[in-house]
Amino acid sequence: MGVLDHVSEYFDCSSHGSSKRHKSLQTVDVRVLIDCEGCERKVRRALEGMKGVRDVTIEPNAQKVTVVGYVEPNRVVARIIHRTGKRAELYPFVPYDVVAHPYASGVYDNRAPVGYVRNTEYDPHGSRLARASSTEVRYTTAFSDENASGCVIM
């Protein structure tokens with residue numbers, strides 16, 4: 001942001017005191033059960049009519065709908081549920097490269113597509129090891145059999 005943009009925020013007379021922020025462009029992944037082409041068409045029509053949507057991509061095999069646009073994730077889920085009557089939720093899986101401990105209990109999920117694991121970053125019921133900080137990981141792996149130089153007692 002340039003200096004002129006920064007200064008113009010203080011002297012903007014068009015908003016008249018309202019502090020309404022603009023939505024940022026984002027990608028929202030939603031998990032929806034898609035059985036047939038009719039279901040796919042129904043979901044696509046429901047989302048393409050939504051204000052702020054730029055692109056809708058549907059992957060029927062992964063049960064995944066990707067929406068790109070100036071939208072809020074909760075509104076996308078609510079729109080799918082309201083317009084189609086289908087059960088929808090934010091996509092609970094992330095690529096296993098993103099998670100620090102992809103094979104910890106509560107992270108690895110047999111129902112996840114190949115190469116994906118459950119996202120437990122914000123899940124309070126997930127495994128503690130899956131959300132462990134680097135300090136906790138250091139202490140838990142210090143006494144591991146794989147780390148021979150970690151402890152002199154071993």
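Just so you know, residue 1 is the first one in the sequence shown, and it goes up from there. In this text, all values refer to a predicted model and were calculated from it rather than measured experimentally. Note that these values count all heavy atoms, side chains included, but never hydrogens, waters or copies made by symmetry.
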Visitor: Step through the shown structure and confirm whether more than 12 heavy atoms of other residues, nucleotides or ligands are within 6.0 Å of NZ on K64.
Guide: yes
Visitor: Below 4.5 Å, heavy atoms only, C-beta onward: do T57 and V65 meet side chain to side chain?
Guide: no
Visitor: In this structure, would V32 and Y91 fall into the same cluster of hydrophobic residues linked by side-chain contacts under 4.5 Å?
Guide: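 In one cluster: no.
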Visitor: The test is side chain to side chain contact (heavy atoms under 4.5 Å, CB included); show your working for M50 and R75 and say whether it passes.
Guide: CA-CA 10 Å; M50 190 174 178; R75 287 193 175 208; 3.8 Å; yes
Visitor: Would you find more than 12 non-hydrogen atoms of other residues, nucleotides or ligands less than 6.0 Å from R87 atom CZ?
Guide: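 Open: at most 12 neighbouring heavy atoms sit under 6.0 Å from CZ of R87.
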Visitor: Let me confirm one number: the CG-CG distance from N74 to L90, rounded to the nearest 0.5 Å.
Guide: 6.0 Å
Visitor: Please round to the nearest 0.5 Å and tell me the distance separating atom CD of E72 and atom CD of Q26.
Guide: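 Going from the CD atom of E72 to the CD atom of Q26 covers 8.0 Å.
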Visitor: Rounded to the nearest 0.5 Å, what separates atom CG in D35 from atom CD in Q63?
Guide: 7.0 Å
Visitor: What is the distance from atom OG1 of T84 to atom CZ of R79, rounded to the nearest 0.5 Å?
Guide: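 Between T84 OG1 and R79 CZ, I get 10.5 Å after rounding to 0.5 Å.
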Visitor: Less than 4.5 Å apart, side chain to side chain, heavy atoms only: is that true for T66 and T27?
Guide: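 A side-chain contact exists here, since the closest heavy-atom pair is under 4.5 Å.
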Visitor: For a side-chain contact (heavy atoms from CB on, under 4.5 Å) with V76, tell me which candidate from D29, L47, V56, V53 qualifies.
Guide: L47
Visitor: With heavy-atom distances below 4.5 Å as the criterion, would you say the side chains of Y70 and K51 are in contact?
Guide: no
Visitor: Linking I/L/V/M/F/W/Y whenever their side-chain heavy atoms sit closer than 4.5 Å, directly or via other members, would L25 and V71 fall into one cluster?
Guide: no
Visitor: Can you name the one residue among I58, I80, V43 that meets side-chain contact (heavy atoms from CB on, under 4.5 Å) with V30?
Guide: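 With V30 as partner, I58, I80, V43 yield a single side-chain contact (heavy atoms from CB on, under 4.5 Å), made by I80.
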Visitor: Are the side chains of P60 and E37 in contact, using a 4.5 Å heavy-atom criterion?
Guide: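 No, too far: nothing below the 4.5 Å cut-off.
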Visitor: To check you understand the geometry: which heavy-atom pair defines the closest contact between C39 and I34, and what is its length?
Guide: CB-CG2, 4.1 Å
